[in-house]
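Remarks on the structure that follows.
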Number of protein chains: 2
Amino acid sequence: MSPSKARTDALMAGEELSSAAQRERRKRIVDATIALASKGGFDAVQMRAVADRADVALGTLYRYFPSKVHLLVSSLAVELERAQEKMDRTTVPGDSPYERVLFVLGRITRGLQRNPHLTEAMTRAFTFADASAGAEIDKVSWLMESMFTRAMSDEDPTDEQKAIARVIGDVWLSNLVAWVTRRATATDVANRLELTVRLLLK
Amino acid sequence: MSPSKARTDALMAGEELSSAAQRERRKRIVDATIALASKGGFDAVQMRAVADRADVALGTLYRYFPSKVHLLVSSLAVELERAQEKMDRTTVPGDSPYERVLFVLGRITRGLQRNPHLTEAMTRAFTFADASAGAEIDKVSWLMESMFTRAMSDEDPTDEQKAIARVIGDVWLSNLVAWVTRRATATDVANRLELTVRLLLK
DNA sequence: GCCGGAATTAGAACACGTTCTATAAACTCC
DNA sequence: GGAGTTTATAGAACGTGTTCTAATTCCGGC
């Protein structure tokens, strides 16, 4: 509500940062987060360590991201955007929604599994997030949903398609978490996703 | 591995507690946890507060439950068992798996929504749990799965039915979390569950 | 160039999960 | 019923997320 609070919101949203210096600080913070998470997962993303590595004061880190969860979920959004861009430069093979969704799903899943610690850090933050991180969560949810609806068809998605995309996203995340916590193997995950998509799209 | 560790595992599993005094202590701890969670959610379940309310020393609490997450997930298992028992005493109406699953789902969901803080505490603990709580997580997953397979048919479930139950469980949990974090209304949740079950079972 | 408010910094301080220590009480087995 | 072991207790101590404070630097308007 106060002016400074409004400014903070802008910083969090990652847009309209007043100066180039601020955009750079923000980038350094996210980069530091991803680096630390890649090395040691959720526990290794310690706020003092992030601040050190990004060369900002602890207070500044908190001005940009009001909590560790915000920080990690924002980083997840950044990673998903990268994955989306990469996907946009690929032609998705398959002539049914079933095949195309499965292709996208498999590719992103394998991509995340290539960096287990980072995936652990981001998925745990995502599922642990409380109401205060609603905006960041919504952004990630939207990215996931649109990732799958795009694979289904080139047109604007119908409500049913959106719903299916959401269900796929739920199952996907849950299986990713199961994999991250070693309760499911990569094969389990692939099988369950295949089955889910088949049930929903065939 | 050590003898005392083996004993601790027994305490965690909640079975074969050597003495009545220990069974009572364990019950007091779970009761205290549920009471505190009901009042103020995840954040209100503070280990010192639980120990105080259960009239045990902090060290004793940690001997019974090695972390806050173990404690809350175990409490979730207790709650689900209660719900299951209640369900067993009911005749589930509906003559298709679709109808019966939807009935069970609606009932449990409304039950949990009647106690939002408790639900928030338990679902957040469940989704935040790491590998060390694998056993507790598996127990809860199994309870959820069997809840839904039972609603589908009286027979032993097929692999496909188990898979469907798991998908429903994933979507259910995800929507519960969305509701808990105020990103979805009770109506949203009901609609999405209806749609999911319809897609999977109709 | 200079002023005033905003942003940044270094670091102390605080909260809560978790671990550790020393002592006391409760069991077990002879 | 006593020695030895396990379990419970009170409370200090520690780590890390978060908040607070005081001093400094940066930046936009004059």
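Chain naming here is simple, since letters A, B, ... match the order of the sequence lines and numbering starts at 1 in each.
- Ring to ring, B/F128 and A/F126 are not that close: their centroids are 6.0 angstrom or more apart.
- Within residues 40-54 of chain B, the residues that place at least one heavy atom under 4.0 Å from DNA chain C are, in residue-number order, B/V45, B/Q46, B/M47, B/R48.
- In summary, the aromatic rings of B/Y98 and B/F103 are positioned with their centroids too far apart to meet the 6.0 Å limit.
- Smallest separation of non-hydrogen atoms from B/G41 and B/A121: C-CB, 3.7 Å.
- B/R63 has its CZ atom 11 Å from the P atom of D/dT9, to the nearest Å.
- Distance B/E24 CD to D/dT7 P: 17 Å, rounded to the nearest Å.
- In terms of modelled atom types and a separation under 3.5 Å, the side chain of A/E120 and the main chain of A/F42 share a donor-acceptor contact.
- Close to C/dA7, at under 4.0 Å from its OP1 or OP2, lies no side-chain N or O of A/Y64.
- Contact check of residues 117-129 of chain B against DNA chain D (heavy atom, cut-off under 4.0 Å) returns no residues at all.
- Going from atom CZ of A/R23 over to atom P of C/dA7 covers 15 Å, rounded to whole Å.
- The CZ-P distance, from A/F65 to C/dT8, rounds to 12 Å in whole Å.
- Residue-to-nucleotide proximity on DNA chain C shows that, of B/G59 and B/A21, the 5′-proximal contact is made by B/G59.
- Proximity of A/Q22 to the phosphate of D/dC27: no side-chain N or O atom is located under 4.0 Å from OP1 or OP2.
- Regarding A/R25, its CZ atom lies at a distance of 10 Å from the C1' atom of D/dT25, rounded to whole Å.
- The distance from atom CG of A/L61 to atom P of D/dT18 is 9 Å, rounded to the nearest whole Å.
- A donor-acceptor pair is defined here as one N or O able to donate and one able to accept, closer than 3.5 Å; no such pair exists between the side chain of B/K39 and the backbone of B/A44.
- Between B/K139 and B/E81, at least one side-chain N (NZ, or NE/NH1/NH2) sits under 4.0 Å from a carboxylate O, which counts as a salt bridge.
- Figure legend: cation-pi geometry between B/R26 and B/Y64 absent, as NZ or CZ is not positioned both under 6.0 Å from the six-membered ring centre and within 45° of its axis.
- Using modelled atom types and a 3.5 Å distance limit, the side chains of B/W172 and B/T109 yield a donor-acceptor pair.
- Proximity note for A/Y62 (side chain, C-beta onward) versus C/dA7, D/dG17, D/dA8: the nearest is D/dG17.
- Separating the CG atom of A/L58 from the P atom of D/dT16 is a distance of 13 Å, rounded to the nearest angstrom.
- Counting only heavy atoms from C-beta on, B/A57 has its side chain closest to D/dA10 among D/dA10, C/dT18, D/dT18.
- Between the side chains of B/S38 and B/N115, a donor-acceptor pair is found at a separation under 3.5 Å.
- One can place CD1 of A/I29 at 13 Å from C1' of C/dT9, the figure rounded to the nearest angstrom.
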